[in-house]
Each structure stands twice: as C-alpha cells, then as structure tokens.
There are 2 protein chains.
Amino acid sequence: MRGVQTDEPVTILTVAREAGVSKTTASDALRGSGRVSEATRAAVAQVAERLGYVPNGSARHLRRASTGTIGLHVPEVLTRSSYYMSFVFGAVERAARHDYDVTLITSGQRRPRPPRVDGLVLGDPLGGDPVVESLMGTGLPTVSCERFPGDRQADGVVWSEHAEMLTRLLGHLRSSGAARPALIVAGDESDWAASLHRGYLGWCAGQGVAPLVRRVSFDATGDEVRAAARDLLRSSPLDALVCAPAGAATEVAPLLRESGGDVLLASCVDSAATRLADPPITAIDLRPREAGESCAELLFELLAGAAPAGTERLHPIELAVRASTRRVGI
Amino acid sequence: MRGVQTDEPVTILTVAREAGVSKTTASDALRGSGRVSEATRAAVAQVAERLGYVPNGSARHLRRASTGTIGLHVPEVLTRSSYYMSFVFGAVERAARHDYDVTLITSGQRRPRPPRVDGLVLGDPLGGDPVVESLMGTGLPTVSCERFPGDRQADGVVWSEHAEMLTRLLGHLRSSGAARPALIVAGDESDWAASLHRGYLGWCAGQGVAPLVRRVSFDATGDEVRAAARDLLRSSPLDALVCAPAGAATEVAPLLRESGGDVLLASCVDSAATRLADPPITAIDLRPREAGESCAELLFELLAGAAPAGTERLHPIELAVRASTRRVGI
DNA sequence: AACCTTTGCCGGAACGTTCCGGCATCTGAA
DNA sequence: TTCAGATGCCGGAACGTTCCGGCAAAGGTT
C-alpha cells in the first residue's frame with residue numbers, strides 16, 4: 001500500500017499537462033487517431049501508464065452519443081437452466097472488456113419502447129415470441145445465438161452444428177449396442193430444437209431405422225418430460241434415450257433406473273447436474289459461456305463496422321461421453 | 001408499431017421545451033429536487049412520460065462524478081458453484097435498477113491500483129486473501145456478504161444465521177434417527193464455514209455427543225471431499241453426514257450409496273444438483289440471488305447516505321428437507 | 001408603506017471526452 | 001526564392017445532465 005492516492009482523479013488533462021502537450025494531442029496519442037509523431041505518442045503513453053490514467057467511460061459515451069449498453073434477451077427464467085447463466089456471464093464479461101454494460105431483457109417485462117442500448121444479443125430467439133419480434137423491429141444491430149425461426153434474420157448469427165453433433169452421439173449409442181435410440185425434443189419454434197429434430201430424422205433415414213420421437217415444450221417441466229419418457233417406455237422396448245431439453249435427462253434418469261430396462265441415456269445439454277449424476281450422463285457440451293462471449297464479440301464488431309451485416313459465425317461444441325452410455329464389458 | 005421514432009433522442013431539453021419550462025425546472029421536477037410547484041411538477045412528469053424521456057446515464061454519471069459502476073468480488077471460479085452465479089445475477093439486476101454497471105473482480109487478476117468504481121461488494125471474503133485486503137484498503141464504500149474474518153470490517157454486512165440453521169438441520173437429522181451426524185466443512189478463513197463449525201460444536205455440546213468433523217479447503221475438489229468422507233466411513237460407524245462446501249454432497253452421494261450403510265446426507269448449500277440428485281438431497285437454501293440483491297441494495301443505500309456505515313442486515317435462509325434425510329417408515 | 005422571507009423559476013457553468021477546423025512549421029519541387 | 005502540400009499540434013465546442021447562485025413575484029410582518 002504505497003500511499004493513498006485519493007487526491008483527485010487523473011483525467012486526460014492531467015496526462016496532457018504532465019506530458020507537456022494539449023488535451024487533443026494526448027487524446028489522439030492514446031487512441032491512435034489524428035496526426036501525432038511517434039515520439040510524442042510514446043511519451044504520452046508512458047505518462048498515462050505512469051499516472052494510471054483510465055478514460056472516463058461516461059464522458060466517452062456521452063461524447064460519442066453511444067449508450068455504453070447492450071441489451072441481452074434470453075427466453076425463459078434464468079434460474080431454470082445453468083446454460084443461460086453461463087451464456088449471460090460470457091456476454092457480460094466480453095462487454096465489460098469493451099467498456100460496455102449489459103441490460104437484461106426478459107420476455108416477461110413490458111416493452112413500451114425500444115430500450116436505450118447500442119445493440120442487442122438474442123439468446124435462442126423463439127419464433128413467435130412477441131418481445132423478440134419487437135426487438136428485431138427496432139432496427140438496432142442485433143446478434144442472435146442460433147438462427148431466428150421467423151422471416152427476418154439478425155445482423156449477426158452465432159450458430160453450432162447441432163445436427164452433426166447429434167449424429168455423432170447417435171453413432172456412439174449405436175456402437176454401444178442401441179439399435180433404435182429415441183428422442184425427446186422441443187418443438188420447432190427454436191432453431192436449436194428444430195436442428196436436432198432434423199438431424200435425428202436424417203440419421204434414422206440413413207440407418208434405415210424408424211424414428212421414435214416425443215415432442216415437449218421448450219421449457220418443459222420435469223413432469224412433462226417424465227410423461228414423455230413413460231410414454232416411450234410403454235409404447236416400445238427402449239434401448240437408448242436422448243433428451244434434448246436442458247435438465248430433462250437428469251429428470252428422467254430415476255425413472256429409467258426404476259424401469260430396470262438398462263436404457264442408455266444422453267442429454268443434448270451438458271450441465272453440472274449431468275456431470276454429477278449417478279451414473280454421469282453423456283451430454284453435448286454447448287460451451288455456453290464461450291457462446292455468450294462470441295455473440296457479444298460479434299455484436300461489437302458489427303457496431304465498429306469491423307464485421308458486415310449478415311455475418312455468421314460457427315461456435316464449436318463438444319461431445320462428452322460418460323458412463324450412462326457405456327455398456328459394461330464393451 | 002406506431003411509427004418509427006428514430007428522429008432524434010429526447011433529452012431533458014426536449015421535455016423542458018415541450019412543457020414550456022427551463023431545463024433546470026424540468027430536471028428539478030423530474031427528480032423531486034429544488035423548488036417546483038406541484039402543478040408544474042405534474043405537467044413536466046406528464047410530458048416526460050408522453051415523450052418517453054429516459055435520462056442519459058452517461059451524462060448523469062459524468063456530472064455527478066460517479067463512475068456508474070460497482071465492483072463485485074467473488075473468491076473462486078464462478079463456474080464451479082452455481083451459488084456465485086446466482087449471487088452475481090442478483091447483484092447485477094439490482095445494480096441495473098439503479099442505473100449502475102457491475103465490474104467483476106476475480107482473485108486471479110492483478111490489481112495494480114484501485115478499480116474505477118463507486119463501491120464494492122465482496123462475496124464471501126476470505127481472510128488472508130490479498131486481493132480482498134487491498135480492496136478493503138481502497139477506502140471505497142464496501143459491503144460484504146458474511147463478515148470479513150480479518151481485523152477490519154466492511155461498511156455494510158449482509159449475513160445469515162448459518163449456525164442456527166445448521167442446528168435446525170442437525171435436529172432434523174436426529175429426529176430421523178441419526179445419533180451422531182458428522183460434518184465436512186472448510187476452514188475458518190471464511191466466516192460462513194467458521195459459523196457452521198461453531199454451530200456444529202455448539203449443538204454437539206448441547207446434545208452431549210462427541211463432534212465428528214473433517215476439514216477441507218474452501219474450494220475443495222470432489223476428490224478431496226470424497227477422501228474426507230472415506231476417512232469418516234472408516235473411522236466410525238456413520239449414520240448421517242452434513243457436507244458444507246458447495247457441490248460436496250452430490251460428490252459423495254455415490255460413495256455413500258456404495259458403502260450401503262444407509263447414511264443420511266445433507267448439504268449446507270442448495271443447488272440444482274442437490275434438488276435433482278437421486279434421492280434428492282436435503283439442503284440449506286442460501287437464496288443466493290436474493291443475497292446478491294441485498295448486498296447491492298445495501299451498498300446503494302450507503303452510497304446515498306440512506307444507511308449509516310456499520311449497518312448489518314440479516315439475510316433469511318431456508319431449510320429444504322428432502323428424501324435423502326427421510327427414513328422410510330418414519 | 002417599507003421591509004424581510006418564502007416560493008417558483010431560470011441562466012450558466014461544469015463534469016471529461018472527442019472531433020472539427022485551423023495555425024504554424026517543415027519538406028521538397030518549381 | 002516561392003509556394004503547395006504534408007506534418008505536428010492545438011483551441012474551442014459539443015454531448016446531456018446537475019447544481020450553484022440569482023432574480024422576480026408573492027406573501028407576511030412590523
């Protein structure tokens with residue numbers, strides 16, 4: 001603790017005075033704009049570093065007529081799935097790095113007029129969601145995680161190869177002895193669920209097996225998922241079950257164990273719950289934090305003009321194979 | 001969508017002009033400061049509402065010489081425990097309501113000088129943590145969640161009756177047939193763990209049973225916790241186990257099941273994992289989101305002078321009794 | 001009627017930044 | 001030698017808000 005330095009805040013004027021230049025030159029030197037000699041630039045930079053100068057974000061945003069805030073919409077209650085928690089965290093962290101604030105927009109709250117933000121990130125926009133529709137209509141730069149199932153598309157899209165990853169998962173199940181894996185998945189209002197459904201049907205067609213699907217709502221409760229699973233258990237002998245909705249796999253795990261049928265179980269969304277389940281459940285790791293970061297990053301590039309409207313960016317996901325899909329002795 | 005209104009931003013000048021008053025009067029009317037007649041105040045408010053006036057946060061913070069940001073420190077990796085996720089979310093939401101940003105400060109990053117914030121929230125400050133020590137030394141208004149185990153104390157403290165709640169939990173275990181519940185808990189560098197330990201020893205003394213404790217580190221890994229549990233299983237016949245660290249209970253659950261000893265299990269931190277475990281694990285719900293909100297709220301009251309330095313505020317927590325501690329037939 | 005106090009309202013300055021335009025000085029070609 | 005252009009630097013205005021001080025009118029007291 002080398003002396004309290006609560007004297008007065010060090011502004012760009014302090015830096016300029018100390019470096020013996022004008023505030024304009026100091027500003028130009030630090031930001032790389034204007035015409036400044038290399039010597040001056042270095043000198044100013046050194047003084048700024050020495051004094052610990054940090055630009056005042058409020059003043060900067062005021063001058064630039066930017067709000068310093070981006071809006072972030074996620075469809076459902078955050079607490080339900082840890083996916084969105086991580087997603088938001090990633091976006092917030094990335095925004096902070098750009099000196100930006102994040103305002104959370106939930107589907108519940110009324111939206112009388114466009115929020116005061118410079119841009120929007122939409123996590124898993126659902127087709128038909130009126131809040132999403134109105135946000136898309138603001139004309140603000142927008143990035144969506146997964147495509148918007150509506151007519152119009154966001155300026156930037158971060159997406160993952162869900163269908164391909166599900167195909168890999170199904171292949172793994174087959175090699176573990178499952179002849180006809182079933183799927184519990186949400187409806188096509190979300191691009192993510194639609195991709196999974198499509199991928200599943202494609203795989204079934206390729207393998208020549210009959211599809212075995214039950215649809216549930218996007219934010220299905222445990223009861224709803226369990227009902228679907230029971231329905232599957234009743235209708236046909238089940239050798240493997242893939243649950244798409246977050247948390248669904250852990251909800252049905254006890255049910256499968258009770259049924260005693262030795263059913264392989266996998267989830268399309270990884271989480272602490274699937275990792276810690278007994279046995280641990282094979283799952284697709286969507287890497288939500290990185291997805292949030294990627295969305296925010298793309299939005300800032302759009303805002304800066306560094307990326308053109310219509311940019312699409314692939315977000316890599318991973319398959320985590322665990323005990324729930326490993327046959328003993330294979 | 002009643003006409004795009006992307007003309008020009010509506011500032012306080014717009015409101016003032018429209019209401020036929022000066023900007024000063026408009027400002028005073030909207031904020032309740034200065035001397036304004038009730039009629040004028042109402043008129044201005046109505047105009048502001050009609051035009052959809054939203055004060056420019058950057059300008060406000062610039063003028064007020066506030067940063068519009070509070071710092072938030074949490075001890076460990078966020079992803080590990082959902083507790084801190086929720087905690088941070090609560091604080092962020094509350095800060096947004098006050099038009100404030102939140103900067104996350106992790107113990108990892110270097111802190112060469114005090115961050116540009118108006119105040120600090122410290123979640124579970126650990127005694128001896130150099131980052132926490134330096135943050136406490138900045139002189140900034142500070143609120144801590146749980147007391148700081150060091151010499152100095154934060155300006156505001158939000159705390160919960162952990163010892164009392166553990167006492168209730170132990171009583172419940174006893175009424176479920178456990179004669180001598182054991183405890184796995186972290187060391188006294190965190191006030192939370194220290195309180196639990198104290199509460200446990202107190203209960204044991206009151207009941208006349210010998211304490212059975214194993215200490216682990218604050219951010220204990222699954223292996224570390226399992227080693228402690230195995231040690232307990234070996235040393236004496238175990239009828240009940242209370243795990244303090246977040247996630248610890250779910251980590252040891254499979255171990256206890258294998259041991260076959262029909263051990264009651266409870267956690268001092270609730271989470272999705274404990275709720276969804278099989279069987280669901282009895283846990284203390286720390287209501288982390290509300291804790292984060294409460295901390296942020298107290299900090300803003302301190303900043304506004306509405307609460308005096310040294311304010312302590314009780315955060316209520318709850319006990320969620322589940323199947324893991326219910327004997328069949330009782 | 002002369003004075004003081006209160007009430008209601010207002011103009012201007014300031015917060016720290018960016019950016020437009022402008023003014024010297026230097027370079028090199030005519 | 002002169003002049004055009006490039007280079008390096010700078011002053012002042014502006015962003016939208018709050019707040020200090022002030023001014024006129026209304027109300028109350030002697």
Side-chain angles (χ1 to χ4, degrees), chain A residues 7-45 47-48 51-69 98-101 116-118 303-305, chain B residues 7-45 47-48 51-69 98-101 116-118 303-305:
Chain A
D7 316 307
E8 53 202 57
V10 36
T11 78
I12 200 150
L13 278 172
T14 324
V15 174
R17 209 181 310 128
E18 195 77 8
V21 297
S22 77
K23 59 177 164 46
T24 305
T25 305
S27 175
D28 284 342
L30 292 176
R31 290 179 310 119
S33 60
R35 289 182 306 222
V36 184
S37 75
E38 193 43 53
T40 312
R41 188 184 306 279
V44 171
V47 169
L51 297 181
Y53 167 71
V54 180
N56 184 314
S58 298
R60 170 171 289 179
H61 289 306
L62 175 60
R63 177 61 238 246
R64 289 195 177 151
S66 65
T67 63
T69 307
H98 288 261
D99 195 21
Y100 261 78
D101 189 6
R116 272 222 162 178
V117 294
D118 294 339
L303 287 172
Chain B
D7 317 305
E8 52 203 56
V10 36
T11 76
I12 199 149
L13 277 172
T14 325
V15 175
R17 209 181 311 125
E18 195 77 8
V21 297
S22 78
K23 58 177 165 45
T24 305
T25 304
S27 174
D28 284 342
L30 292 176
R31 293 180 308 118
S33 61
R35 288 182 306 221
V36 185
S37 74
E38 193 44 51
T40 313
R41 186 185 307 278
V44 171
V47 170
L51 298 181
Y53 166 71
V54 180
N56 183 314
S58 297
R60 172 171 288 180
H61 289 306
L62 175 60
R63 176 61 238 242
R64 289 197 178 150
S66 65
T67 61
T69 306
H98 289 260
D99 193 23
Y100 260 77
D101 188 6
R116 271 224 162 178
V117 295
D118 293 340
L303 287 172

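Closest of all the heavy-atom pairs between Val10(A) and Tyr53(A) is O-CD1, 3.4 Å. Pairing each heavy atom of Gly68(A) with each of Tyr100(A), the nearest pair is C-CD2, 3.3 Å.
Take the nearest nucleotide of DNA chain D for Ser58(B) and for Asp28(B): the residue whose nucleotide is more 5' is Ser58(B). Map Arg35(A) and Ile12(A) each onto its nearest nucleotide of DNA chain C; the residue landing nearer the 5' end is Ile12(A).
For the atom pair Asp118(B) CG and Arg64(B) CZ, the distance stands at 10.5 Å (nearest 0.5 Å). Between the OG atom in Ser66(A) and the CZ atom in Arg60(A) there is a gap of 9.5 Å [rounded to 0.5 Å].
Going from atom NE2 of His61(A) over to atom C1' of dT18(C) covers 13 Å, rounded to whole Å. For the pair Glu38(B) CD and dT6(C) P, the computed distance is 21 Å after rounding to whole Å. Distance, Asn56(A) CG to dT17(D) C1': 13 Å, rounded to whole Å. The interatomic distance linking Leu30(B) (CG) with dC19(D) (P) rounds to 14 Å, in whole Å. Atom CG of Leu62(A) and atom C1' of dC15(D) are 4 Å apart (whole Å). Between Arg64(B) atom CZ and dT17(D) atom P there is a gap of 11 Å when expressed in whole angstrom units.
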Q: Check step by step if side-chain contact (heavy atoms from CB on, under 4.5 Å) holds for Leu62(A) and Asn56(B).
A: CA-CA 8 Å; Leu62(A) 175 60; Asn56(B) 183 314; 4.3 Å; yes
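Listed pair Thr40(B) / dG8(C) fails the phosphate criterion, with no side-chain N or O lying under 4.0 Å from OP1 or OP2. When the side-chain nitrogen and oxygen atoms of Ser22(B) are compared with OP1 and OP2 of dC10(C), one or more of them lie within a distance under 4.0 Å. OP1 or OP2 of dC9(D) has at least one side-chain nitrogen or oxygen of Ser37(A) nearer than 4.0 Å. Checking the phosphate oxygens (OP1, OP2) of dC15(C), no side-chain nitrogen or oxygen of Thr11(A) falls inside 4.0 Å. For Ser27(A), a side-chain nitrogen or oxygen approaches OP1 or OP2 of dT18(C) to under 4.0 Å. Between Arg31(B) and dC19(D), a side-chain N or O to OP1/OP2 separation shorter than 4.0 Å is present.
A donor N or O paired with an acceptor N or O is found under 3.5 Å between the base of dG11(D) and the side-chain atoms of Thr24(A).
In the set dG16(C), dG11(D), dT18(C), dT18(C) carries the atom at the smallest distance from any side-chain atom of Arg63(A). Comparing dA13(D), dG16(C), dC19(D) by their closest approach to the side chain of Lys23(A) singles out dA13(D).
Here Arg60(A) lies in heavy-atom contact (under 4.0 Å) with sugar-phosphate atoms only.
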